[in-house]
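One structure is given here, and the rest of the page talks about it.
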Amino acid sequence: MLIIMKKEATEEELQALISKIHQTGAAEGFVSRGQFHTVIGVVGDPEKVAELPLLAMPGVERVQRVSRPFKMVSAEGHERASTVPVDGVSLGPDSFTIIAGPCAVENEEQTLESARAAKKAGAHMLRGGAYKPRTSPYSFQGLAEEGLRILATARQETGLPIVTEVLDSRDVEKVAEVADMLQIGTRNMQNFSLLKEVGLTGKPIMLKRGMNSTIEEWLMAAEHIARHGNLRIVLCERGIRTFETATRNTLDISAIPVVREESHLPVIVDPSHAAGRKSLIVPLARAAVAVGADGVMVDVHPTPETALTDGPQALVPEELYALTREIKELAVRMGRTV
Ligand code: PEP
Ligand code: MN
């Protein structure tokens, strides 16, 4: 069950409800804050909770029964998809957000050049990893704190909000100081202690789909973040593992409309990590717009041939300009503001 609070509901009204729910001895309430509404997810004995005069309690707007196992991220009870604001940029059903940047922060020059390209292309946000999850422990692991410093410089110069990955619970505070949005990568989608930590920050989170995860598992991972107080979550489809070897991953394009039916959270597509090579990025980005995604995230690098990570899937600046021109036009035709 979900209790949707009025916009003007006070903290006291919220706490009064939580204690009422706990007093039943049969249920618990978890508060989660979105852009407009605070909601209380209630889990436990529905009969006992139904006995409470919830609608009569001050601050309550609506009570919604949720049949899905994911409660706070479920589409049930939300007539409209929600919007997640990230420092002046909106991710949601009205806009189309383009995020661009290098796979990894390699040095200041490479990052600043990528950031300038993203800015010039009209991208809305900058991506780039300071902490890189690598299959081999001998591969470049990212510049860590130095990478965060470089990202802060890029943000200062371009004004673009930053999304960057956090790999480890112990780094959440440090990364959150610089990042405008925290990225949870595919390999960490079910790292529940990390999901808890990023939930507690209250910062916007980009939750990538686990490469071996079902859509339900993905939404349950989002629920872990929401259950710790944070509903500012954007989902990112980045391809899943299948028997197909022609592409790095298989972009599950139907995941977008399925998520749309199941959840109120915004969902974007990362065609770069899905495809693994750049010839497919434009067609897959077109598909993302057409299928109703709320944005795309693409890799760009000034010199992909020297990239320390994911060079084959990086666009050069000129290719990024062409992509954003085309994608923005398409998004406008789909009724979105860019
Ligand atoms: C990335 O975005 O750089 C990345 C590592 O992505 P994923 O977690 O989807 O592999
Ligand atoms: Mn990458």
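Basis for what follows: all heavy atoms, side chains included, without hydrogens, waters or symmetry-related copies. Numbering of ligands and ligand atoms starts at 1, following listing order.
A salt bridge links R149 with E108: at least one charged nitrogen is closer than 4.0 Å to a carboxylate oxygen. For R68 and E76, the salt-bridge test fails: no basic side-chain N is under 4.0 Å from an acidic carboxylate O. With respect to the salt-bridge test (charged N to carboxylate O, under 4.0 angstrom), the residues E157 and K119 do not qualify. Residues R209 and D270 are not paired through a salt bridge, judged by the lack of any N-O separation under 4.0 Å between the basic side chain and the carboxylate. Classification of K48 and E51 as a salt-bridged pair fails, no side-chain N sitting under 4.0 Å from a carboxylate O. Between K278 and D299 there is no salt bridge, since no side-chain nitrogen of the basic residue lies less than 4.0 Å from a carboxylate oxygen of the acidic one.
In this structure, K7 forms a cation-pi arrangement with F36, its terminal cationic atom sitting closer than 6.0 Å to the ring centre and no more than 45° off the ring axis.
Near K132, meaning under 4.0 Å from one of its heavy atoms, ligand 1 places the atoms 1 (C), 3 (O), 5 (C). Interface atoms of ligand 1 facing G185, defined by a heavy-atom separation under 4.0 Å, are 8 (O).
Restricting D310 to its N/O/S atoms, the shortest distance to the Mn ion (ligand 2) is reached by OD2.
Checked by distance only, ligand 1 and E165 stay at 3.5 Å or farther apart across all their nitrogen or oxygen atoms. Some N or O of R187 is nearer than 3.5 Å to an N or O of ligand 1, by distance alone.
Nearest protein heavy-atom contact of atom 4 (C) of ligand 1 is H273 NE2, 3.5 Å. When only non-hydrogen protein atoms are considered, atom 6 (O) of ligand 1 lies nearest to K208 NZ, 2.8 Å. With respect to atom 8 (O) of ligand 1, the closest heavy atom belonging to the protein is T186 N, 2.8 Å.
The Mn ion (ligand 2) is the vertex of the angle joining NE2 of H273 and SG of C103, which measures 150° to the nearest 10°.
Residue contacts with ligand 1: Q183 is included, with a non-hydrogen atom under 4.0 Å away.
With 3.5 Å as the limit, one finds a donor-acceptor pair spanning the side chains of S193 and N191.
The nearest non-hydrogen atom to atom 10 (O) of ligand 1, considering only R248, R127, R238, R209, comes from R238.
For M211, no heavy-atom contact with ligand 1 is shorter than 4.0 Å.
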